[in-house]
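All values reported here derive from a predicted model rather than from experimental measurement.
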Amino acid sequence: MIQPSPFDDIRPYYDEEVPAAIDRLVNSSFFPLLASYVFPDRPLEDVKEMVSQCKTSRDFQYTVMMRVNEQVIQRSISHFTYQGTDQLESDKKYLFVSNHRDIFLDASLLQYVLVKCGCETSEITFGANLMSSPLIIDIGKINKMFRVERGGNMKDFYMSSRHLSDYIRYDITQKHESVWIAQRNGRTKDGIDHTDQGIIKMFCMSEQKDKIKALADLHIVPVSVSYEWESCDILKALELYESRFEKYVKKPGEDLNSILTGIIQRKGNVNITFCRPITKFDLMSYYDCTNNEYHKRVAALMDERIIDAYVLYPNNFIAHDLRYGQEIYRDKYTDEEREAFIHHMEHLNSFDITEPDVLKDIFLGIYANPVRNKLKKNRKL
């Protein structure tokens, strides 16, 4: 019998709950589509039988999710690389804090890498806004995803942040599970990866007596994810264009569309780098800071490591040259690569908007800003 937990409102499924969720999944109207993508060469009934044999989250991740990632890599990624796994100890649990470019793939591909390097998968934050149907909830909670509340009044926000902080600390120090979380609320849409100071404050809420211990005990590892072709770049540019003067309101099904677009669209080369962990030695240098300054400096340190590890591709240099009317990075891309980028950008012409040049500039910024990020950090390109 499952014992009540203070985290029942946000936690993933226990293994005892997985078989019932698997049964709901394989009998859903969505399952044939999933089966045809993940196992295109196998009859539906065979896939149903195979997935039905999954009794734990680990079974599901190794049987289905590893195959999902393999299909994504095979069908839409030219070359998938990863670095920094030698810094991870297989018996140690970490808090992976990542820049966030794709709703689904950032965390999913990281799980793939963890398995490949002999580590267990992590639990994954799951925005309440994405829990749009019982089926999505089942897939997420089978896959070790836990709920993160967003919005609400100040009191509700404080309480949900404290609850999340308690759960993350419990997960790593007692449950012995690693955790993946984005460096900010929502995806980076403008190409400027920036760690929200508030997320560092949230990590510390569950250990307020000792700010160094609060973060050192979580074994934070910044993670830098780089896509040659930015996930949902056209959709992101349109959202930024529409939100210039008023709050952007998502349309029904928009998040699901972004997930599917990110999975299917071509991504070119993709890289994941596990950056140097944030150690107690790093944190001690901020010992005399006020709490607010401490959170700010740790966020800046994470930004520095994520930006330093971010891989720039020809598209980034092409966009920077186009945006600023220069050719200072002309040696970093070919004529063919430049023409391919411009051809892709021409898709913006199909939208009936009043300021097409503004939309084009926003689009170029998505790709050019990672170059500027490195230049601001005084990195040689």
Side-chain angles (χ1 to χ4, degrees), residues 61 65 69 72-73 77 79-90 92-127 143-146 148 164 168 171-172 177-189 191-200 202-203 215-228 230-231 262 267 269-279 282-283 298-313 370 373-374 377 379:
Q61 290 189 317
M65 295 310 300
N69 285 297
V72 169
I73 292 169
I77 295 177
H79 191 209
F80 179 60
T81 55
Y82 51 89
Q83 287 89 34
T85 56
D86 57 319
Q87 303 175 101
L88 304 180
E89 300 172 33
S90 60
K92 195 171 184 177
K93 303 308 173 186
Y94 298 94
L95 175 57
F96 299 110
V97 184
S98 171
N99 64 332
H100 192 22
R101 298 301 185 94
D102 183 273
I103 294 177
F104 170 75
L105 290 179
D106 296 346
S108 186
L109 289 171
L110 182 133
Q111 307 309 309
Y112 176 81
V113 174
L114 288 175
V115 172
K116 285 291 187 182
C117 71
C119 297
E120 289 295 325
T121 58
S122 74
E123 292 194 7
I124 303 166
T125 53
F126 190 21
N143 210 27
K144 297 171 64 173
M145 301 178 83
F146 61 93
V148 176
L164 177 61
I168 290 173
D171 226 11
I172 294 170
E177 291 274 0
S178 293
V179 172
W180 177 94
I181 191 169
Q183 67 179 167
R184 57 191 279 182
N185 183 1
R187 293 169 293 160
T188 299
K189 299 183 179 72
I192 303 175
D193 295 315
H194 176 64
T195 303
D196 186 347
Q197 179 180 336
I199 202 170
I200 308 300
M202 182 271 288
F203 296 154
L215 298 183
D217 285 354
L218 299 181
H219 308 136
I220 297 174
V221 175
V223 178
S224 189
V225 186
S226 319
Y227 294 88
E228 182 176 12
E230 177 76 13
S231 177
K267 287 165 276 292
N269 296 318
V270 177
N271 175 265
I272 292 180
T273 297
F274 294 86
C275 307
R276 192 154 49 90
I278 305 294
T279 65
D282 294 322
L283 299 169
V298 173
L301 178 62
M302 296 193 61
D303 286 348
E304 182 177 318
R305 292 187 182 176
I306 289 172
I307 290 170
D308 192 45
Y310 192 91
V311 176
L312 295 176
Y313 293 109
N373 293 342
K374 291 213 183 229
K377 296 293 182 182
R379 298 293 185 260

Which pair of non-hydrogen atoms, one from [X] and one from [Y], has the smallest distance, and what is that distance?
X      : Y      : result
Leu105 : Tyr227 : CB-OH, 3.5 Å
Ile172 : Leu218 : CD1-O, 3.8 Å
Ala309 : Thr273 : CB-CG2, 3.7 Å
Ser122 : Gln111 : N-OE1, 2.7 Å
Asp102 : Asp106 : N-OD2, 2.9 Å
Lys267 : Val72  : CE-CG1, 4.0 Å

- Item | Residue among Asn99, Ile199, Ile220 satisfying side-chain contact (heavy atoms from CB on, under 4.5 Å) with Met302 | Ile220

- Contacts of Tyr112 meeting ring pair (Phe, Tyr, Trp, His ring centres under 6.0 Å) (sequence neighbours excluded), chain-then-number -> none

- Item | Partner residues of Phe203 under the ring pair (Phe, Tyr, Trp, His ring centres under 6.0 Å) criterion, sequence neighbours left out | none

- Between Gln83 and Asn271: side-chain donor-acceptor atoms closer than 3.5 Å: yes

- Residues that Ser98 engages under side-chain hydrogen bond (donor to acceptor under 3.5 Å, both in side chains), provided they are two or more places apart: none

- Message: Please report the interatomic distance CG(Leu114) to CG(Leu88), rounded to the nearest 0.5 Å.
- Response: 7.0 Å

- Query: Under the side chain to side chain contact (heavy atoms under 4.5 Å, CB included) test, which residues partner Arg187, sequence neighbours left out?
  - Reply: His100, Ile103, Lys189, Cys232, Lys236, Ser258

- Output all residues satisfying side chain to side chain contact (heavy atoms under 4.5 Å, CB included) with Thr125, sequence neighbours left out; order by chain, then residue number. Phe146, Val148, Trp180, Ile181

- So, the side chain of Ser224 versus the backbone of Ile306: is there a donor-acceptor pair under 3.5 Å, distance only? yes

- Item | Under 3.5 Å: donor-acceptor pair, side chain of Lys144, backbone of Ile124 | no

- Apply ring-ring contact (aromatic ring centres under 6.0 Å, His included) to Phe96 and Phe274, showing your working. CA-CA 8 Å; Phe96 299 110; Phe274 294 86; 5.6 Å; yes

- Set of residues satisfying salt bridge (Lys or Arg N to Asp or Glu O under 4.0 Å) with respect to Asp193, sequence neighbours excluded: Arg101

